[in-house]
2 protein chains.
Amino acid sequence: MEAVPSSLQAEIQQTTPFRSLSEEAILSILRTADLVRTAITDLLAPAGITMQQYNVLRILRGAGEAGLPTLAIGDRMIESAPGITRLLDRMEAKSWVSRTRCKIDRRVVHARISTEGLRLLDNLDQPLRSSTALGLSGMEESALGQLIQLLAAARQSIQPGEPAAPRQTAKDEEFASKARN
Amino acid sequence: MEAVPSSLQAEIQQTTPFRSLSEEAILSILRTADLVRTAITDLLAPAGITMQQYNVLRILRGAGEAGLPTLAIGDRMIESAPGITRLLDRMEAKSWVSRTRCKIDRRVVHARISTEGLRLLDNLDQPLRSSTALGLSGMEESALGQLIQLLAAARQSIQPGEPAAPRQTAKDEEFASKARN
DNA sequence: CATCAATAGTTGACATGACAATCATTGTCT
DNA sequence: AGACAATGATTGTCATGTCAACTATTGATG
C-alpha cells in the first residue's frame, strides 16, 4: 500500500468524532454486515427460509448425492454442532433435507438435500446471485476489489497469533460462513 | 492448481472461485464482521457481560442521570423493543441498571445506569478502546480510512431507494448498532 | 364525558447461537 | 477380550432477535 495524501485522512478525521479510526472501522464493519444480513434475510423471507438454512442447503447441494455428515456441515459454516443438529431438524421437517445414519460408522449421520430443497434453491439462486438485488452493484469493480482486500487485511489483523485453523477453502456452495475464535 | 500467484488478485482468485466480486465482497463483509463480533464477545465474556448489554450500558452512560426510555434505547441500537425489555430485565437483575416509571407519562419507563454499571464500564473501556486488543491496530491509518469509506459506499449501495430513516448521529456512547429496515 | 386511535412497554412463541453434559460408537491399549 | 479415550451427534439451558398480540396510558374527538 502506498502512502495516501494526508488530505484524505484529514477529511475523514474531520467528519468522524470517533476515538480512533480503528474503532470507526470496527463500527463500520459491524453496521455494514448487519445491513447485508437483513437485506439477505429479507430476500429469503418470502420463501420461508432463513439465511442459515439457505446456507446449509447450498452446502448440501455442493455435497451431492452422498450428502454430508452433520459436523462437516458445521465445519463449513464454522458454527457449533448443536446448532446444526437443530437446524437440520427444522429443515428435515420441511422436507428440504433427509438424514440417514451411516452404515459404516454408525455414529455418523449424513444429511442430503432433497428434490424439493434443490427446487427451492434453484428458485432462490438467481435473485441472490445477481447481486443486483443485494446492492453493491452500484460499486465499481475496482472499489469492490479494494474492499475485499482491505477486509482480508482486517481479518488478518484481528486474528494475530492464532494457530490458524486450516483455512477452509471456500468452495462453490458456500454462501456465508461464521467466524470462530 | 500451481498457478503461481503473481498478483494479489490472482492469489485471491485462486482461493475464491466466486461468481462475482460483489458476492465475494458480501461474504468478506459477513466473515469479517463475525470475526470482529466474536473478538469483542471474547473480550467482554470474562466480565460476564454480552456485547448487547455492554452496548446498552454505554448508551445509558451517555444518557446520564435522567436515564432513557426503553424505546429510546431500542432506537439507538436499532433493535426491536422486545429485545430491549428483556435485555434490561437481565441487566437490572445484575444491578447494572435501574428502571423507574415516569411520573409525567406513566407509559414510559426510564432506565438508568447504576454505579456498579459505571464501574463495570470503566473497567472495560480501556481494553476495548485501545483497539490493540481488538486488532486492526496492525493496519495502516490510510488503509483504515479507505476501508471506512468503502464500507460507507457499500452501505449506500445496499440501501438504495429507502426513505432513509433519519440517520442517527453516532454519538459518543454508541459502540455498535444494528442495521434495520 | 365516553369512545377510540396512538403510544410505550411487555409477554408469548419460535429460530438461532453458544456451552456444558450426555449417549452411542469406534478405536486403542494392555 | 475389557477398559477407556476419542469421535459424532444430540439434548438441555440460557441469551438474543423477531413477529404478533396484549396491557396500560394518553390524547383527541364527538
Side-chain angles (χ1 to χ4, degrees), chain A residues 30 33-34 37-38 40-42 44-56 67-75 77-94 96-97 99-111 176-181, chain B residues 30 33-35 37-42 44-56 67-75 77-94 96-97 99-111 176-181:
Chain A
L30 290 175
D34 277 326
R37 219 182 299 274
T38 56
I40 296 178
T41 299
D42 289 352
L44 294 176
I49 188 174
T50 67
M51 211 172 126
Q52 295 306 317
Q53 293 173 342
Y54 174 70
N55 217 337
V56 169
L68 220 54
T70 303
L71 290 193
I73 299 175
D75 282 347
M77 303 183 53
I78 320 204
E79 181 183 324
S80 57
I84 302 298
T85 293
R86 283 185 268 250
L87 206 53
L88 288 177
D89 286 345
R90 289 182 283 266
M91 294 179 70
E92 192 174 31
K94 295 190 179 184
W96 291 335
V97 305
R99 283 187 284 187
T100 41
R101 191 160 286 274
C102 176
K103 281 160 192 159
I104 301 150
D105 186 338
R106 296 176 47 70
R107 289 171 301 184
V108 178
V109 171
H110 286 282
S177 41
K178 243 207 59 186
R180 218 291 159 335
N181 183 319
Chain B
L30 290 175
D34 277 326
L35 257 189
R37 218 182 300 275
T38 56
I40 296 177
T41 299
D42 289 353
L44 294 176
I49 187 174
T50 68
M51 212 172 125
Q52 295 307 316
Q53 293 172 342
Y54 174 71
N55 217 337
V56 169
L68 220 53
T70 304
L71 291 194
I73 300 175
D75 282 347
M77 302 184 53
I78 320 205
E79 180 181 325
S80 58
I84 302 299
T85 293
R86 282 185 269 250
L87 206 55
L88 288 178
D89 286 345
R90 288 182 283 265
M91 294 179 71
E92 191 174 30
K94 296 190 179 184
W96 292 334
V97 305
R99 282 187 285 189
T100 41
R101 190 160 288 274
C102 176
K103 282 161 192 158
I104 301 150
D105 185 339
R106 296 177 45 69
R107 290 171 301 183
V108 178
V109 172
H110 287 281
S177 40
K178 244 207 59 187
R180 220 292 165 323
N181 184 330

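First the proteins, then the strands, lettered A, B, ... as listed; each starts at 1. Note: hydrogens, waters and symmetry copies are ignored here, and every other heavy atom, side chains too, is used.
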Quiz item: CE of M77(B) versus C1' of dT16(D): gap in Å, rounded?
Solution: 10 Å
Quiz item: Roughly how many Å is it from CD1 in I84(A) to P in dA9(D), rounded to a whole number?
Solution: 11 Å
Quiz item: Base, sugar-phosphate alone, or nothing: which one does T50(B) contact when heavy atoms must sit under 4.0 Å apart?
Solution: sugar-phosphate
Exercise. Take atom CD of Q52(A) and atom P of dT16(D), then tell me their distance rounded to the nearest Å.
Key: 19 Å
Quiz item: Expressed in angstrom and rounded to an integer, what is the separation of D75(B) atom CG from dG9(C) atom P?
Solution: 10 Å
Practice problem: Assign each of L71(A) and P82(B) to its nearest nucleotide of DNA chain D by heavy atoms, then name whichever residue's nucleotide is nearer the 5' end. | Solution: L71(A)
Quiz item: Under 4.0 Å between a side-chain N/O of Q53(A) and OP1 or OP2 of dA15(C), yes or no?
Solution: no
Quiz item: Atom NZ of K103(A) and atom P of dT25(C): how far apart are they, to the nearest Å?
Solution: 16 Å
Self-check item: Minimum-distance nucleotide (side-chain atoms of R90(A) versus dA15(C), dT11(C), dA6(D))
Solution: dA15(C)
Practice problem: Identify, between D105(A) and D89(A), the residue whose nearest nucleotide on DNA chain D lies closer to the 5' end. | Solution: D105(A)
Practice problem: Let me know the distance between NE2 of H110(B) and P of dT10(C), rounded to the nearest Å. | Solution: 12 Å
Self-check item: Nearest-nucleotide comparison on DNA chain C, the residue closer to the 5′ end among K94(A) and R106(A)
Solution: K94(A)
Quiz prompt | Phosphate contact (dA9(D) OP1 or OP2) by T85(A) side-chain N/O below 4.0 Å | solution = no
Practice problem: Could you state the atom-to-atom distance from CG of N55(B) to C1' of dT16(D) in whole Å? | Solution: 13 Å
Quiz item: Out of dA8(C), dA9(D), dT16(C), which nucleotide sits closest to the side chain of V108(B)?
Solution: dA8(C)
Quiz prompt | Check: W96(B) and I49(B) side chains under 4.5 Å, non-hydrogen atoms | solution = yes
Quiz item: Under the 3.5 Å rule, do the base of dT13(D) and the side chain of R86(A) count as making a donor-acceptor pair?
Solution: yes
Quiz item: Which part of the nucleic acid, if any, lies within contact of L87(A), taking any heavy atom under 4.0 Å across all strands shown: a base, the sugar-phosphate backbone alone, or nothing?
Solution: sugar-phosphate
Exercise. From the options dA24(C), dT11(C), dA9(D), select the nucleotide whose nearest atom is closest to the side chain of R107(A).
Key: dA24(C)
Self-check item: Interatomic distance where CD belongs to E92(B) and C1' belongs to dT10(C) [whole Å]
Solution: 13 Å
Quiz item: Thinking salt bridges, do D89(B) and R86(B) make one under a 4.0 Å N-O criterion?
Solution: no
Quiz item: Of T38(B), L44(B), D42(B), which meets side-chain contact (heavy atoms from CB on, under 4.5 Å) against I40(B)?
Solution: L44(B)
Quiz item: When all nucleic acid strands are considered with a 4.0 Å heavy-atom cut-off, which category describes R99(B): base, sugar-phosphate, or nothing?
Solution: sugar-phosphate
Quiz item: Taking C-beta and beyond as the side chain, do I73(B) and L87(B) meet within less than 4.5 Å on heavy atoms?
Solution: no
Quiz item: Only one of R107(A), H110(A), R99(A) clears side-chain contact (heavy atoms from CB on, under 4.5 Å) with P69(A); which?
Solution: H110(A)
Quiz prompt | Nearest non-hydrogen partners of L30(A) and M51(B), listed with the distance | solution = CD1-CE, 3.8 Å
Quiz item: Under 4.0 angstrom, heavy atoms only, what part of the nucleic acid is G83(A) near: base, sugar-phosphate, or nothing?
Solution: nothing
Quiz item: Can you check whether T70(A) has a side-chain N or O nearer than 4.0 Å to OP1 or OP2 of dT10(D)?
Solution: yes
Quiz item: Contact class for I104(A) vs. all strands (heavy atom < 4.0 Å): base, sugar-phosphate, or nothing?
Solution: sugar-phosphate
